[in-house]
Amino acid sequence: MKKTIVTGSAGFIGSELCLKLLERGDRIVGIDNHNDYYDPKIKESRLQRLEKYSGYQHYRMDISDKDGLEKIFKVHKPEKVVNLAAQAGVRYSMENPLAYVNSNIVGFAHILENCRHYKIGHLVYASTSSVYGANTKMPFSENDCVNHPLSVYAASKKSNELMAHTYSYLYKLPTTGLRFFTVYGPWGRPDMALFKFTKNILEGKPIDVFNHGKHTRDFTYIDDIVEGVIKTLDHPSVSNKNWNGNHPNPATSNAPWSIYNIGNNKPVQLMDYIEALEKALGKKAKINFLPLQPGDVPDTYANVDYLKTQFNYRPSTSVLDGVSNFVKWYKEFFQK
């Protein structure tokens with residue numbers, strides 16, 4: 001029976017991934033620090049769903065704890081690792097940049113070191129569409145230059161990709177980085193726009209809409225994200241010489257290292273997203289239009305050709321259905 005360490009296991013993507021892996025019979029060792037970046041209540045509720053499975057074991061710990069992390073690897077000897085633990089959020093990175101250095105860079109270095117020493121068969125880790133930063137060519141492709149991040153958060157994730165490549169090259173550690181594009185859905189993060197919009201609309205309060213509503217986003221439903229994570233997790237990266245020209249960033253060294261976009265491949269205007277939310281709630285939003293926020297990018301659009309070619313990845317959830325599913329969950333969770 002496969003044993004996988006999943007960090008950030010009480011988080012949005014992490015908890016949904018753990019559920020899917022547990023349902024198919026995998027054994028999961030979850031790690032999460034349960035910090036208070038947002039209301040820990042939702043993290044505890046996510047965890048309760050996981051603890052119903054006998055194949056799940058949980059550790060409340062930060063991946064920046066070098067000695068604690070090493071003990072977990074030593075005891076459990078996992079075959080694979082999925083690193084989703086990170087300090088998230090573009091805007092918060094302007095207020096507290098050192099939190100991102102500590103978790104996303106120092107913590108990730110500890111993950112890499114343990115994967116090296118304990119001969120892990122595959123490390124999959126979260127990157128972000130934010131690495132595309134100042135890029136304006138659409139859709140964003142894995143082969144685009146990503147040397148101009150616009151936030152500390154994005155810079156920390158770009159650092160993860162570089163660090164992973166080095167470990168893949170030096171130690172032949174198979175690594176796969178996944179650039180997530182605006183993930184949403186039930187059990188989501190309260191700091192995300194959909195959560196904030198829903199709360200304020202239900203309470204009759206105005207919603208803040210930045211860039212005067214002129215954003216477009218490649219909104220990607222949680223189930224489609226998890227499908228992509230599992231498809232890549234089950235197929236460790238190989239040296240790019242074996243990929244017959246279909247490998248992202250083919251000019252890199254012969255390291256077992258890959259980067260993939262995971263998005264819906266269908267960008268949506270922010271105002272259309274809000275309209276879908278209004279329809280699901282049966283209530284109109286009061287909108288407070290504001291200028292573009294520092295660190296934000298106006299548009300995101302994922303080219304997912306590599307993921308489609310290699311793993312037959314086919315995101316299938318429409319924004320109307322995804323937002324409706326979120327609203328149904330939100331009302332059940334908060335208005336019991």
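For clarity, every value in this text was computed on a predicted model and none was experimentally measured.
Checked by atom type and distance alone, the side chain of Lys283 pairs as donor or acceptor with a backbone atom of Ile201 at under 3.5 Å. The closest donor-acceptor contact from the side chain of Ser103 to the backbone of Tyr100 lies at 3.5 Å or more, if one exists at all. For the pair Thr175 (side chain) and Trp257 (backbone), a donor-acceptor distance under 3.5 Å is absent.
A cation-pi arrangement is present between Lys43 and Tyr38, with the terminal nitrogen or guanidinium carbon under 6.0 Å from the aromatic centre and inside a 45° cone about the axis. Judged by the 6.0 Å and 45° rule, Lys172 forms a cation-pi pair with Tyr169.
Remark: Asp26 does not engage Lys3 in a salt bridge, criterion side-chain N to carboxylate O under 4.0 Å. Ionic pairing of Lys41 and Asp39 is not present here: no N-O contact between side-chain nitrogen and carboxylate oxygen is shorter than 4.0 angstrom. For Glu44 and Arg60, the salt-bridge test passes: some basic side-chain N is under 4.0 Å from an acidic carboxylate O.
Using modelled atom types, one finds a donor on one side chain and an acceptor on the other under 3.5 Å when comparing Asp224 with Thr317. Side-chain contact check for Glu161 and Ser127: at least one donor-acceptor pair (N or O, by modelled atom type) lies under 3.5 Å. For the 3.5 Å distance criterion, the side chains of His165 and Tyr167 fail to qualify, holding no donor opposite an acceptor. Side-chain atoms of Gln57 and Tyr59 include a donor-acceptor pair closer than 3.5 Å. If you check the side chains of Ser129 and Thr300, you find no donor sitting under 3.5 Å from an acceptor. Under the 3.5 Å distance criterion, with hydrogens and angles disregarded, a donor-acceptor pair is assigned to the side chains of Thr176 and His122. Tyr221 and Asn264 share no donor-acceptor pair across their side chains, judged by distance under 3.5 Å alone. Side-chain contact annotation: Tyr313 with Asn265, donor-acceptor N/O pair under 3.5 Å absent. Judged by distance alone, the side chains of Tyr306 and Asn143 do bring a donor and an acceptor atom under 3.5 Å apart.
Between Ser15 and Arg49 the shortest heavy-atom distance is OG-NH2, 3.6 Å. What you find for Ile259 and Glu142 is that their closest heavy atoms are O-CG, 3.5 Å. Here the closest heavy-atom approach between residue Lys331 and residue Leu281 is recorded as CE-CD2, 4.1 Å. Of all heavy-atom pairs between Asp208 and Phe197, the closest is O-CE2, 3.5 Å.
Environment of NZ in Lys20: sparse, with no more than 12 heavy atoms of neighbouring residues, nucleotides or ligands closer than 6.0 Å.
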Derivation of the ring-ring contact (aromatic ring centres under 6.0 Å, His included) call for Tyr273 and Phe219: CA-CA 9 Å; Tyr273 191 63; Phe219 295 104; 3.6 Å; yes
Pair Arg24-Asp234, salt bridge (charged side-chain N to carboxylate O under 4.0 Å, His left out): steps then yes or no: CA-CA 13 Å; Arg24 75 176 192 180; Asp234 288 344; 2.8 Å; yes
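Aromatic rings from Phe326 and Phe195 are positioned such that their centres are separated by under 6.0 Å. Ring to ring, His215 and Phe210 are not that close: their centroids are 6.0 angstrom or more apart.
The distance from atom CD1 of Ile63 to atom OG1 of Thr7, rounded to the nearest 0.5 Å, is 5.0 Å.
The shortest distance between side-chain heavy atoms of Asn83 and Val124 does not fall below 4.5 Å.
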